[in-house]
Visitor: 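The structure that follows is given in the form of structure tokens.
Note that the structure is predicted; figures quoted are calculated from it, not measured. Only this structure's heavy atoms are used, side chains among them; waters, hydrogens and symmetry mates stay out. So that the names make sense, note that chain A is the first sequence line, chain B the second, and so on, each numbered from 1.
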There are 2 protein chains.
Amino acid sequence: MYSIGQLSKNTGVKVTTIRYYEEIGVLTEPERTQGHQRRYDVAALERLRFVKHARDLGFTIQAIESLIQLQESPEKSCKEATDIANEQLLDVRRRIKQLRSLEKELARIVKGCSGEGTSQSCYVLAALADHELCEKDH
Amino acid sequence: MYSIGQLSKNTGVKVTTIRYYEEIGVLTEPERTQGHQRRYDVAALERLRFVKHARDLGFTIQAIESLIQLQESPEKSCKEATDIANEQLLDVRRRIKQLRSLEKELARIVKGCSGEGTSQSCYVLAALADHELCEKDH
DNA sequence: CTTGAACCTCTAGTTACTGAAGATATTACA
DNA sequence: TGTAATATCTTCAGTAACTAGAGGTTCAAG
């Protein structure tokens, strides 16, 4: 059995976050000692690892809840899990695309300014003030 | 003079968001009609455009506040603005890098699963449960 | 002068945590 | 066994950047 601190060290999830996960139902309520402290079994550890890994990959808590549901009904179709992962993948790709276009414009703005004058003549500020200075819409 | 709705249409910033910006001090308090409704001048419109553009580029409200400070003291060095923009650029690049590595792993996970079996044997779920199946740390 | 759209304030909710206060439990060591 | 240090407990509030709704008032057009 693990204390909440040991669980935390084992997974890299903060103690407060573990309690939060319990509160919102992502983790089930663990046993308690007589003094009311939480004690976790290996299943809880594995579940938390799952959650951590999925969070690291950018899944929302909601998506993770769906995935847990699936895990717990092994007869269900695998397609749902694949769909969720796919959706996440598409989302990541969308975000990359958007960030790339931001990067481009930011790089252009930064490049246009030597950083030497006063802010009155700063190209960075001018570019931010005036959308017309953008290469294209965003 | 613009009403808050006209300002909203002109900038693409929602009415509620405009009021929120005022509350947190990003926009200064505008004049009011006798009936207590907000009326904005052109300066306010331009300032909101600036904020919108910077937000679209991913600047935090805090960074935007610094930029506004700079705009309002034209004798200050332009370097500060360039620094903020540069920091933002670096941050965008960091995020892109991280998302790329997520994309890679997600693609691998999704690819490993046909979506046809039951969730019991689902590779997506297995990969999320077991960090060992990852190609590298993240 | 009426009517309907736009506006007002205030409160609460969103996501996914994080931190602090003040009290209690456990553990290690003497 | 006693005590001190560390860990844990609950509860509440705060973070970023909005968004939405209730219930009431004002404006502008016909």
Side-chain angles (χ1 to χ4, degrees), chain A residues 1-27 29-40 44-45 47-48 50-68 84 87-88 91-92 95 98 102, chain B residues 1-27 29-40 44-45 47-48 50-68 84 87-88 91-92 95 98 102:
Chain A
M1 301 297 270
Y2 308 87
S3 71
I4 196 167
Q6 289 168 334
L7 208 66
S8 171
K9 264 183 201 147
N10 263 294
T11 56
V13 178
K14 292 197 178 149
V15 167
T16 43
T17 306
I18 295 174
R19 285 197 281 253
Y20 167 72
Y21 283 163
E22 181 184 325
E23 193 189 318
I24 63 172
V26 164
L27 299 181
E29 291 185 18
E31 286 173 41
R32 301 276 186 147
T33 61
Q34 295 204 320
H36 208 57
Q37 297 195 355
R38 291 167 178 83
R39 287 301 117 103
Y40 297 91
L45 176 65
R47 177 125 153 199
L48 184 53
F50 178 92
V51 174
K52 173 70 159 61
H53 193 185
R55 283 296 296 138
D56 284 348
L57 287 169
F59 288 83
T60 62
I61 295 282
Q62 232 189 354
I64 292 170
E65 275 170 346
S66 306
L67 290 169
I68 287 173
I84 291 171
E87 184 48 54
Q88 173 61 12
D91 189 56
V92 166
R95 272 147 68 199
Q98 217 211 333
L102 291 188
Chain B
M1 301 296 269
Y2 308 88
S3 71
I4 196 168
Q6 289 167 336
L7 209 67
S8 171
K9 264 183 202 147
N10 262 294
T11 58
V13 178
K14 292 196 177 150
V15 167
T16 43
T17 305
I18 296 174
R19 284 196 282 252
Y20 167 72
Y21 283 163
E22 181 184 326
E23 195 189 316
I24 62 172
V26 164
L27 299 181
E29 291 185 18
E31 286 174 40
R32 301 275 186 147
T33 61
Q34 295 205 319
H36 208 58
Q37 297 195 355
R38 291 168 178 82
R39 287 301 118 101
Y40 297 92
L45 175 66
R47 176 124 154 200
L48 184 54
F50 178 92
V51 174
K52 173 69 159 60
H53 193 183
R55 283 296 297 137
D56 284 347
L57 287 169
F59 288 84
T60 62
I61 295 281
Q62 233 189 353
I64 292 170
E65 275 171 345
S66 306
L67 291 170
I68 287 174
I84 292 171
E87 184 48 55
Q88 173 61 12
D91 189 55
V92 166
R95 273 147 69 198
Q98 217 212 331
L102 290 188

Visitor: Listed by chain and number, what are the salt bridge (charged side-chain N to carboxylate O under 4.0 Å, His left out) partners of Arg55(B), not counting sequence neighbours?
Guide: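 With neighbours one apart ignored, the set is empty.
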
Visitor: Residues in side chain to side chain contact (heavy atoms under 4.5 Å, CB included) with Thr11(A), at least two apart?
Guide: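 Thr11(A) satisfies side chain to side chain contact (heavy atoms under 4.5 Å, CB included) with Val13(A), Leu45(A), Leu48(A), Arg49(A) once adjacent residues are dropped.
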
Visitor: Where does the chain A footprint on DNA chain D start and end, counting 5' to 3' with a 4.0 Å heavy-atom cut-off?
Guide: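 Counting from the 5' end, contacts occupy dT8(D) to dT10(D).
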
Visitor: Could you tell me which residues satisfy salt bridge (charged side-chain N to carboxylate O under 4.0 Å, His left out) with Arg19(B), sequence neighbours excluded, listed by chain and number?
Guide: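 So Arg19(B) forms no salt bridge (charged side-chain N to carboxylate O under 4.0 Å, His left out) with any residue.
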
Visitor: Starting at the 5' end of DNA chain C and moving along, which residue's nearest nucleotide shows up first, Ser3(B) or Gln34(A)?
Guide: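 Taking each residue's closest nucleotide, the earlier one in sequence belongs to Ser3(B).
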
Visitor: Applying side chain to side chain contact (heavy atoms under 4.5 Å, CB included), can you list everything that pairs with Gln98(A), at least two apart in sequence or on another chain?
Guide: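 Testing Gln98(A) for side chain to side chain contact (heavy atoms under 4.5 Å, CB included), a comparison that skips the adjacent residues, returns none.
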
Visitor: Residues from residues 5-23 of chain A sitting under 4.0 Å of DNA chain D, heavy atoms only?
Guide: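 Under 4.0 Å from DNA chain D: Gly5(A), Arg19(A).
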
Visitor: Who passes side chain to side chain contact (heavy atoms under 4.5 Å, CB included) against Phe59(A), sequence neighbours left out?
Guide: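 With sequence neighbours excluded, Phe59(A) shows a side chain to side chain contact (heavy atoms under 4.5 Å, CB included) to Ala54(A), Leu57(A), Ala63(A), Ile64(A), Leu67(A), Ile84(A), Ala85(A), Gln88(A), Leu106(B), Leu128(B), given in chain and number order.
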
Visitor: Would you kindly compare Arg39(B) and Phe59(B) by the position of their nearest DNA chain D nucleotide and give the one closer to the 5′ end?
Guide: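 Nearest nucleotide further toward 5': that of Phe59(B).
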
Visitor: For Arg39(B), what residues pass the salt bridge (charged side-chain N to carboxylate O under 4.0 Å, His left out) criterion, not counting sequence neighbours?
Guide: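 None.
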
Visitor: Who passes side chain to side chain contact (heavy atoms under 4.5 Å, CB included) against Glu31(B), sequence neighbours left out?
Guide: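 Applying side chain to side chain contact (heavy atoms under 4.5 Å, CB included) to Glu31(B) gives Met1(B).
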
Visitor: So, using side-chain hydrogen bond (donor to acceptor under 3.5 Å, both in side chains) as the criterion, who are the partners of Asn10(B) when residues are at least two apart?
Guide: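 By the side-chain hydrogen bond (donor to acceptor under 3.5 Å, both in side chains) rule, Asn10(B) matches no residue at all.
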
Visitor: Quick check for you: name the first and last nucleotides of DNA chain C, 5' to 3', having an atom under 4.0 Å from a heavy atom of chain A.
Guide: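 So the outermost contacting nucleotides come out as dA16(C) to dT26(C).
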
Visitor: Which residues satisfy the salt bridge (charged side-chain N to carboxylate O under 4.0 Å, His left out) test with Glu65(B), sequence neighbours excluded?
Guide: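 For Glu65(B), no residue satisfies salt bridge (charged side-chain N to carboxylate O under 4.0 Å, His left out) once neighbours in sequence are set aside.
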
Visitor: Nearest 0.5 angstrom please: Glu29(A) CD to Glu23(A) CD, how far?
Guide: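 Going from the CD atom of Glu29(A) to the CD atom of Glu23(A) covers 10.5 Å.
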
Visitor: Would you kindly compare Gln62(B) and His36(B) by the position of their nearest DNA chain D nucleotide and give the one closer to the 5′ end?
Guide: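 Final value for this comparison: Gln62(B).
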
